[in-house]
Amino acid sequence: MNKLSKSFYQRDNVVQIAKDLLGKYLFTNLGDGITSGIITETEAYCGITDKASHAYGNLRTARTEIMYMDGGVAYVYLCYGIHSLFNIVTNKIDIPHAVLIRGIKPVDGIEIMLKRSKKTDISKLNGIGPGNVSKLLNIHFSQSGESLFDNKIWLEDRGLKIPPFKIIAAPRVGVDYADEDAFLPYRFRFTEF
DNA sequence: CGGCCGATCCACT
DNA sequence: GTGGATCGGCCGA
């Protein structure tokens, strides 16, 4: 097993990290077994100067405080009262950078994921959309602050490389409120393997 | 302490 | 393509 290292998460370029996370494997072991998927879509959130970030303007609350932790922990929060959205905290302590995981391709524990999503048909298993990612991997907002070097949530590099020309950059989703920052091409995905 | 709103998804048409 | 579900966080009073 080749877990991503602290130095991977603690670089200062969160946009580069968001790109590098494509093709990495995201694992969880939360209650009812190990599940994993290949990360297919990410979004970068660039701290206190990014109007789309929860930490914009150096906002510190009980919720956002997690983003100020040392790189390599999970930041999970509730959206629309229903969905737990999973982010990876990057950079050093007191610098609230994060990468939202928006899509995975299911790999390990397919049966468990089918049960979690109440589906029976593997072709209907859908890891597109940040709410679905958390549903399939059983991630809950109570896991916010969880270390990625522990055995509950972690990432691995299994040697899958995504050529830069296959990476599509686009504006982020649902951040219309962020004025000019809404147009930044901080959303990254790839479609073929 | 009350009210509004959000980095969404799904079932339905 | 659309509206309903559904609730914690944040802000202003």
Side-chain angles (χ1 to χ4, degrees), chain A residues 9 13-22 24 26 28 35 37 39-69 71 73-91 95-106 113-146 148 153 155 167-190:
Chain A
Y9 298 114
N13 191 339
V14 66
V15 172
Q16 185 62 47
I17 296 174
K19 288 187 219 175
D20 290 345
L21 282 169
L22 295 174
K24 299 294 187 288
L26 173 58
T28 62
T35 45
I39 295 173
T40 57
E41 185 171 340
T42 62
E43 280 181 9
Y45 287 85
C46 305
I48 63 173
T49 59
D50 182 354
K51 291 185 180 175
S53 169
H54 290 166
Y56 175 63
N58 211 33
L59 178 70
R60 282 178 182 258
T61 66
R63 177 177 70 145
T64 64
E65 196 61 35
I66 302 296
M67 276 199 280
Y68 293 82
M69 291 172 72
V73 301
Y75 171 52
V76 191
Y77 66 91
L78 188 68
C79 184
Y80 294 99
I82 301 175
H83 306 284
S84 289
L85 304 202
F86 173 71
N87 301 250
I88 293 170
V89 174
T90 70
N91 216 314
I95 305 177
H97 288 180
V99 177
L100 171 67
I101 306 301
R102 293 191 56 86
I104 59 166
K105 176 184 165 60
M113 293 196 241
L114 284 172
K115 190 180 293 181
R116 286 172 182 166
S117 59
K118 297 184 171 58
K119 299 263 167 62
T120 52
D121 188 350
I122 291 180
S123 67
K124 296 242 173 64
L125 203 56
N126 180 11
I128 307 297
N132 286 326
V133 170
S134 297
K135 188 196 289 180
L136 295 184
L137 296 175
N138 219 23
I139 296 171
H140 186 260
F141 64 85
S142 61
Q143 264 107 34
S144 199
E146 186 72 39
L148 301 179
I153 307 173
L155 285 89
I167 297 176
I168 302 159
R172 294 171 291 187
V173 173
V175 294
D176 302 344
Y177 59 90
D179 300 332
E180 70 277 11
D181 288 346
F183 302 107
L184 293 170
Y186 284 176
R187 177 190 189 191
F188 303 103
R189 66 203 140 114
F190 69 99

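Reminder, nothing fancy here: chain letters follow the sequence lines and each chain counts from 1. The model shown is predicted, which means the values in this text are computed figures rather than measured ones.
- Remark: A:Arg187 is not in phosphate contact with B:dA7, judged by side-chain N or O atoms under 4.0 Å from OP1 or OP2.
- The nearest pair of heavy atoms linking A:Asn138 to A:Gln143 is O-OE1, 3.9 Å.
- Nearest heavy atom pair, residue A:Leu100 against residue A:Phe86, reads CD1-O, 3.5 Å.
- In this structure C:dA13 sits in no base pair that meets the Watson-Crick or G-U test at under 3.5 Å.
- Across all strands, A:Asn132 comes closer than 4.0 Å only to sugar-phosphate atoms, never to a base (heavy-atom distances).
- Within a heavy-atom distance below 4.0 Å of DNA chain C, the residues of residues 46-68 of chain A found are A:Thr61, A:Arg63, A:Thr64.
- Shown for residues 75-85 of chain A: residues whose heavy atoms fall under 4.0 angstrom of DNA chain C, namely A:Leu78, A:Tyr80, A:Gly81, A:Ile82.
- Of the candidates C:dG8, B:dA7, B:dC10, the closest approach to any side-chain atom of A:Lys135 belongs to B:dC10.
- The separation between A:Arg102 atom CZ and B:dA7 atom P is 11 Å, rounded to whole Å.
- Taking NZ of A:Lys119 as the reference point, atom CG of A:Leu125 lies at 7.0 Å (rounded to 0.5 Å).
- The distance from atom NZ of A:Lys51 to atom CG of A:Asp179, rounded to the nearest 0.5 Å, is 4.0 Å.
- Look at C:dT6: it lacks any Watson-Crick or wobble partner with both distances under 3.5 angstrom.
- Base pairing of B:dA7 is not made with any nucleotide, judged by Watson-Crick or G-U wobble geometry with both donor-acceptor distances under 3.5 Å.
- Of the inter-residue distances, the one linking A:Tyr77 atom OH with A:Ile66 atom CD1 reads 14.0 Å to the nearest 0.5 angstrom.
- Here the closest heavy-atom approach between residue A:Ala169 and residue A:Pro185 is recorded as CB-O, 4.1 Å.
- The structure places NE2 of A:His97 at 15.0 Å from CD1 of A:Ile88, a figure rounded to the nearest 0.5 Å.
- Both A:Glu43 and A:Asn126 lie close to DNA chain B; mapped to their nearest nucleotides by heavy-atom distance, the more 5′-ward contact belongs to A:Glu43.
- Between the NZ atom of A:Lys124 and the P atom of B:dC10 there is a distance of 13 Å, given to the nearest Å.
- With values rounded to the nearest 0.5 angstrom, A:Arg172 atom CZ is found 11.0 Å from A:Thr42 atom OG1.
- Expressed to the nearest 0.5 Å, how far CD1 of A:Ile101 lies from CD1 of A:Ile139 amounts to 9.0 Å.
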